[in-house]
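Worth knowing before you read on, the calculation uses all heavy atoms, side chains too, and leaves out hydrogens, waters and symmetry mates.
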Amino acid sequence: MTVASGLPQLLVVGLGNLPFPQTRHSIGHLIIDALAARLHIHMTTDRTMGGVTGRSKVTLGETAVSLILLKPKPLMNITGPSVAGALRKSVKASDAMIVIHDSLSHKPKALSPKIGGSANGHNGVRSIISALGGETHFHRFRIGIGRGPGDAAEYVLSKLPEEEKFYWNGDGIGLDLICKELERIARKQLESQGLP
């Protein structure tokens with residue numbers, strides 16, 4: 001993990017498709033936008049980082065963190081090279097990266113954090129693992145969207161219900177949970193470096 005000038009550094013990547021905002025599949029983008037608004041991080045297009053990004057020193061709970069937010073520009077299924085490039089240009093260590101993505105396997109409004117493991121059928125995560133040369137040791141925040149009737153592809157590209165948007169947005173309980181998990185990861189970075 002990366003600790004610069006006593007501050008843990010985190011790269012938080014929200015997966016989605018920029019041409020299809022506000023869909024279930026783009027919930028990672030929605031959460032990045034919500035984090036940027038809550039933490040007052042200015043987002044801008046950055047070609048060197050491969051998408052829309054912002055960075056700032058912020059406080060999560062009681063922990064100061066150097067935070068980089070990223071919404072990759074490429075479509076989700078081919079986002080891996082962009083994310084791998086951003087990782088190399090920023091925090092460098094894969095365990096300092098958190099990828100936020102939708103999960104059909106989890107109920108709506110569920111947050112399921114994990115580190116490492118397979119892509120579990122998620123093409124965006126599969127693309128990242130491939131671009132990292134098979135490296136899987138990065139954090140994932142799997143955001144439950146449930147599974148609707150019919151075709152999964154149609155379901156994930158349908159609009160996210162207002163109730164779920166609110167849950168993950170600025171003042172929503174879901175965003176509180178995301179911030180707590182980010183703080184937990186940052187604190188682990190500090191502990192691994194022997195810092196208080």
Side-chain angles (χ1 to χ4, degrees), residues 1-16 21-22 24-44 46 49 51-72 83 86-87 90-91 93-103 106-116 122 124-125 128 137-146 160-193 195-196:
M1 293 219 179
T2 309
V3 177
S5 62
L7 288 183
Q9 292 185 314
L10 300 177
L11 169 63
V12 184
V13 179
L15 296 188
Q22 307 299 317
R24 289 178 168 97
H25 213 29
S26 291
I27 197 163
H29 284 181
L30 180 137
I31 291 172
I32 290 295
D33 289 340
L35 282 168
R38 179 180 282 192
L39 301 171
H40 308 288
I41 298 175
H42 176 71
M43 300 289 287
T44 186
D46 183 340
M49 288 290 281
V52 180
T53 188
R55 63 181 70 211
S56 186
K57 292 177 182 165
V58 300
T59 301
L60 297 171
E62 298 177 3
T63 307
V65 180
S66 176
L67 194 64
I68 302 165
L69 303 177
L70 173 65
K71 295 191 311 186
V83 173
L87 177 65
S90 61
V91 296
S94 63
D95 63 349
M97 179 171 71
I98 299 95
V99 175
I100 302 174
H101 65 87
D102 62 311
S103 172
H106 294 86
K107 292 179 183 178
K109 301 195 281 185
L111 167 62
S112 178
K114 80 172 205 171
I115 186 166
H122 194 284
V125 175
I128 293 169
H137 196 69
F138 56 91
H139 296 271
R140 298 103 191 257
F141 287 0
R142 298 168 296 176
I143 306 297
I145 59 169
L160 190 67
E162 289 300 318
E163 177 187 348
E164 292 176 48
K165 276 189 216 172
F166 180 77
Y167 185 80
W168 297 110
N169 235 319
D171 294 327
I173 295 165
L175 197 62
D176 293 340
L177 296 174
I178 296 276
C179 288
K180 284 180 185 170
E181 282 298 316
L182 290 173
E183 182 187 16
R184 183 185 61 77
I185 293 167
R187 293 212 57 79
K188 275 192 162 184
Q189 266 193 28
L190 289 170
E191 290 166 11
S192 72
Q193 299 291 323
L195 299 170

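For the residue pair P72 and V13, the shortest heavy atom distance occurs at CG-CG1, 3.7 Å. Listed here is the closest heavy atom pair of I41 and S56: CG1-CB, 3.8 Å. The nearest pair of heavy atoms linking A186 to T63 is CB-CG2, 4.2 Å. When all heavy atoms of G116 and K114 are compared, the closest pair comes out as O-CE, 3.0 Å. Of all non-hydrogen atoms in Q189 and A96, the two that sit nearest each other are NE2-CB, 3.6 Å. A pairwise comparison of heavy atoms in I27 and H101 identifies CG2-C, 4.3 Å as the closest pair.
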Intermediate values then yes/no, salt bridge (Lys or Arg N to Asp or Glu O under 4.0 Å), E191 and K188 | CA-CA 5 Å; E191 290 166 11; K188 275 192 162 184; over 6 Å; no
Does the side-chain contact (heavy atoms from CB on, under 4.5 Å) test come out yes or no for I185 and I98, once each step is laid out?
-> CA-CA 9 Å; I185 293 167; I98 299 95; 3.7 Å; yes
Stepwise, does the side-chain contact (heavy atoms from CB on, under 4.5 Å) test hold for I173 with W168?
-> CA-CA 7 Å; I173 295 165; W168 297 110; over 6 Å; no
Derivation and outcome, side-chain contact (heavy atoms from CB on, under 4.5 Å), residues H106 and I145 | CA-CA 6 Å; H106 294 86; I145 59 169; over 6 Å; no
Any chance you could lay out the side-chain contact (heavy atoms from CB on, under 4.5 Å) test for I68 and M97, step after step, and finish with the verdict?
-> CA-CA 9 Å; I68 302 165; M97 179 171 71; over 6 Å; no
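Residues S112 and R142 bring a donor and an acceptor atom of their side chains to less than 3.5 Å of each other.
Rounding to the nearest 0.5 Å places OH of Y167 at 9.0 Å from CD1 of I143. M49 contributes atom CE, which lies 9.0 Å from atom CG of L87 (distance to the nearest 0.5 angstrom). S26 OG to D33 CG: the interatomic distance, rounded to the nearest 0.5 Å, is 10.0 Å. Atom CZ of R24 sits about 10.5 Å away from atom CG of D102, to the nearest 0.5 Å. Taking CG from L30 and NZ from K71, the interatomic distance works out to 9.0 Å, rounded to the nearest 0.5 Å.
Using a 4.5 Å heavy-atom cutoff, the side chains of C179 and L35 are in contact. The side-chain heavy atoms of R140 and V125, taken from C-beta on, include a pair separated by under 4.5 Å. Inter-residue side-chain proximity for L15 and V99 is flagged as met; some heavy-atom pair is nearer than 4.5 Å. Side-chain contact between V65 and T59: absent, with no pair of heavy atoms (C-beta onward) separated by less than 4.5 Å. Side-chain contact check for L60 versus L39: some heavy-atom pair is nearer than 4.5 Å. Residues L175 and N169 are not in side-chain contact: their nearest non-hydrogen atoms beyond the backbone lie 4.5 Å or more apart. In this structure the side chain of L67 never reaches within 4.5 angstrom of the side chain of Q9, judged on heavy atoms. Side-chain contact check for R55 versus M43: every heavy-atom pair is 4.5 Å or farther apart.
Looking only at distances, a side-chain donor or acceptor of E183 sits under 3.5 Å from a matching main-chain atom of E62. Under the 3.5 Å distance criterion, the side-chain polar atoms of S66 are left unmatched by any main-chain donor or acceptor of P8. The closest donor-acceptor contact from the side chain of H122 to the backbone of S103 lies at 3.5 Å or more, if one exists at all. When atom types are taken as modelled, the side chain of T53 and the backbone of L69 share a donor-acceptor pair closer than 3.5 angstrom.
Not counting sequence neighbours, E164 has no partner by the salt bridge (Lys or Arg N to Asp or Glu O under 4.0 Å) test.
F141 pairs in a side chain to side chain contact (heavy atoms under 4.5 Å, CB included) with only one of the listed residues (L182, L177, V12), which is L182.
Around atom NZ of K107, no more than 12 heavy atoms belonging to other residues, nucleotides or ligands sit under 6.0 Å away.
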